[in-house]
Q: 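Sharing a structure, written as structure tokens. Questions coming.
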Amino acid sequence: MLHPILVQKKLLYAFLAGWCTLFLVHTIFLTHQNLLPFNEAIIDAFIYNFILMIIGLALYFPLTYSEYNTRQSSLNKVFIIHLLHHTITGLFTLIIWLGSSFFLAKLVFENNPQYMDFARSSLPVRAALGSLLLLLLIFMYHFISFYQNLEEKSRREEQLKKMVKEAELKALKAQLNPHFLFNSLNSISSLTISKPEAARQMLTQLSDFLRYSLRRNHQSFLPLNDEITNMKRYLDIEKVRFGERLISKFDIPEECLNMPVPAMLLQPVYENAIKHGLYESIEPVTIQTTCRIYQNGLRLSIVNNFDPDSTRQKGEGVGLENIRNKLYLFYNRKDLISISKEEDYFEVSFILPKTH
């Protein structure tokens with residue numbers, strides 16, 4: 001996590017200019033009020049302002065950590081946590097600043113009892129002014145964080161718009177595997193002679209599957225039930241080719257079905273399961289789909305077995321990466337999909353937060 005002031009020159013220059021101004025005001029005030037001689041005033045101003053500047057820069061990280069870890073909490077809980085965290089962090093920072101500055105000043109002026117008397121008597125005033133400066137820094141960091149989040153949200157929205165347009169132009173290539181379509185049509189052609197009723201049923205399923213894929217492509221979120229229903233169509237179509245070798249199981253409680261998920265999210269996972277599990281294997285392959293409610297969201301898992309000795313199918317290798325990018329654009333998180341490959345099974349797991 002990079003510090004916004006250190007990576008943006010304009011912010012860095014403004015930050016340094018502010019502390020230089022504070023240093024000059026500090027020196028002029030001490031001198032003008034005859035509180036300290038000019039040379040002592042300069043050293044005093046440098047010690048207290050320089051240390052506060054360094055500590056103020058470091059203050060950004062604990063504040064940001066608190067904000068990141070309360071994103072999924074309720075509004076009241078966020079306010080209480082932020083207030084408590086900022087109060088403790090501010091007091092801790094103030095104590096560190098006063099203690100380290102006083103200690104350093106004591107080392108410099110250890111033979112100057114007049115200055116040490118002034119340093120002790122001025123601690124309450126310094127604490128009050130330091131608290132005010134730290135409060136201003138906290139507000140400044142929150143404003144910077146708010147502005148950055150606003151820019152990031154705008155950037156993601158633009159990416160989503162671009163992604164939707166590209167998906168519309170490349171729908172058949174990105175959403176539908178041409179080999180799947182050709183094989184399905186060939187299977188239907190074969191069934192028209194031997195099993196006309198099965199051919200009509202498969203044609204209906206294929207038509208519903210294509211209609212869903214093309215019609216839903218422009219929508220952002222859909223109920224999980226819609227996605228699962230369409231994936232069952234897809235598996236039923238593939239089952240015509242693979243017969244008893246393809247086994248699908250679904251363990252999805254009722255409370256999961258209405259939860260919103262990104263549209264057309266799951267198809268690449270099932271395509272991979274069939275491609276890498278069935279194409280080069282003569283053994284049955286079971287695709288197990290499990291879903292549970294998890295922290296007001298969903299934990300969704302798709303597991304399939306495969307033959308570790310079979311020849312691995314080559315492909316574009318972009319299916320799971322596209323899913324990962326899609327989840328980041330929707331949720332601004334990169335930890336929502338995990339992939340596990342053991343000796344003879346492959347698992348893709350999702351954690352999908354509840355959307356507003």
Side-chain angles (χ1 to χ4, degrees), residues 1-33 35-70 81-149 151-152:
M1 181 172 56
L2 299 176
H3 199 298
I5 291 179
L6 298 180
V7 298
Q8 300 184 47
K9 289 185 178 180
K10 290 183 179 180
L11 284 178
L12 179 60
Y13 294 154
F15 186 78
L16 293 176
W19 284 107
C20 288
T21 302
L22 191 62
F23 167 77
L24 291 175
V25 170
H26 189 151
T27 304
I28 292 171
F29 176 81
L30 292 179
T31 305
H32 185 265
Q33 296 296 321
L35 297 174
L36 290 175
F38 180 71
N39 60 330
E40 294 181 7
I42 290 179
I43 297 174
D44 181 271
F46 177 79
I47 290 175
Y48 279 89
N49 286 284
F50 179 76
I51 293 179
L52 186 57
M53 181 184 71
I54 298 301
I55 293 178
L57 282 172
L59 184 63
Y60 171 79
F61 296 104
L63 294 178
T64 306
Y65 177 80
S66 170
E67 180 180 344
Y68 177 80
N69 281 276
T70 54
I81 292 176
H82 274 309
L83 182 62
L84 182 62
H85 180 269
H86 290 2
T87 301
I88 295 174
T89 304
L91 289 174
F92 188 68
T93 304
L94 185 67
I95 292 171
I96 291 177
W97 170 60
L98 288 174
S100 57
S101 299
F102 184 85
F103 177 75
L104 183 58
K106 185 177 180 181
L107 292 179
V108 176
F109 296 104
E110 58 182 348
N111 297 320
N112 189 335
Q114 291 81 8
Y115 173 83
M116 295 308 301
D117 290 339
F118 166 76
R120 293 187 183 92
S121 62
S122 63
L123 279 177
V125 178
R126 293 185 197 269
L129 293 175
S131 300
L132 179 61
L133 288 173
L134 289 174
L135 186 62
L136 291 174
L137 278 174
I138 291 173
F139 278 120
M140 183 187 72
Y141 286 144
H142 277 294
F143 177 79
I144 292 174
S145 179
F146 171 78
Y147 182 75
Q148 287 181 329
N149 289 335
E151 281 191 327
E152 177 68 13

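The chain is numbered in sequence order, starting from 1. Predicted model only: the values in this text are computed from it and were never measured.
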Q: Taking ring-ring contact (aromatic ring centres under 6.0 Å, His included) as the definition, give me every residue that meets it alongside Phe46, ordered by chain and number, with sequence neighbours left out.
A: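 Here the qualifying residues are Phe50.
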Q: Output every pair passing salt bridge (Lys or Arg N to Asp or Glu O under 4.0 Å) with a member in residues 138-148, not counting sequence neighbours, ordered by first then second residue.
A: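 Matches after skipping sequence neighbours: none remain.
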Q: Could you give the side-chain donor-acceptor pairs of residues 106-114 under 3.5 Å, partners two or more places apart or in another chain?
A:
unit_1 : atom_1 : unit_2 : atom_2 : d
Asn112 : OD1    : Gln114 : N      : 3.3
Asn112 : OD1    : Tyr115 : N      : 3.1
Asn112 : ND2    : Glu40  : OE2    : 2.6

Q: Return the minimal non-hydrogen interatomic distance between Ala41 and Thr31, and the atom names on each side.
A: CB-OG1, 3.6 Å
Q: Using the test side-chain hydrogen bond (donor to acceptor under 3.5 Å, both in side chains), find all partners of Ser101 that sit at least two apart in sequence or belong to another chain.
A: Trp97
Q: As an exercise, state the distance from OG1 of Thr87 to CG of Leu91, rounded to the nearest 0.5 Å.
A: 6.5 Å
Q: I'd like to know whether Phe118 forms a side chain to side chain contact (heavy atoms under 4.5 Å, CB included) with Leu36, so could you lay out the CA-CA distance, the side-chain angles of the two residues, the decisive distance to 0.1 Å, and finally the verdict.
A: CA-CA 8 Å; Phe118 166 76; Leu36 290 175; 3.5 Å; yes
Q: Kindly give the heavy-atom pair with the smallest separation between Leu137 and Gly56, and that separation in Å.
A: CD1-CA, 3.6 Å
Q: So, taking the atom named CG in Asn149 and the one named CZ in Phe146, what distance separates them when rounded to the nearest 0.5 Å?
A: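 Reported value, rounded in 0.5 Å steps: 8.5 Å.
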Q: Considering residues at least two apart in sequence or located in another chain, which fulfil the side-chain hydrogen bond (donor to acceptor under 3.5 Å, both in side chains) criterion with Ser122?
A: Arg126
Q: Shortest non-hydrogen contact from Ala105 to Ile47?
A: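 It is CA-CD1, 3.9 Å.
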Q: Working to the nearest 0.5 Å, report the span between CG of Leu57 and CG of Leu6.
A: 5.5 Å
Q: Counting only pairs under 3.5 Å, give me each side-chain donor-acceptor contact of residues 7-26, with atom names and distances, residues two or more places apart or in other chains.
A:
unit_1 : atom_1 : unit_2 : atom_2 : d
Thr21  : OG1    : Ala17  : O      : 2.9
His26  : ND1    : Asn49  : ND2    : 3.0
His26  : NE2    : Asp44  : OD1    : 2.9

Q: Rounded to the nearest 0.5 Å, how far does CG of Leu30 lie from CD1 of Ile43?
A: 12.0 Å
Q: Output, in order, the C-alpha distance, side-chain angles, deciding distance and verdict of side chain to side chain contact (heavy atoms under 4.5 Å, CB included) for Leu134 and Leu52.
A: CA-CA 9 Å; Leu134 289 174; Leu52 186 57; 3.9 Å; yes
Q: For the CE atom of Met140 and the CG atom of Leu133, what is their distance to the nearest 0.5 Å?
A: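 Nearest 0.5 Å value for the CE-CG distance: 11.0 Å.
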Q: Which heavy atom in Leu98 sits nearest to a heavy atom in Ala127, and how many Å separate them?
A: CD1-CB, 3.8 Å
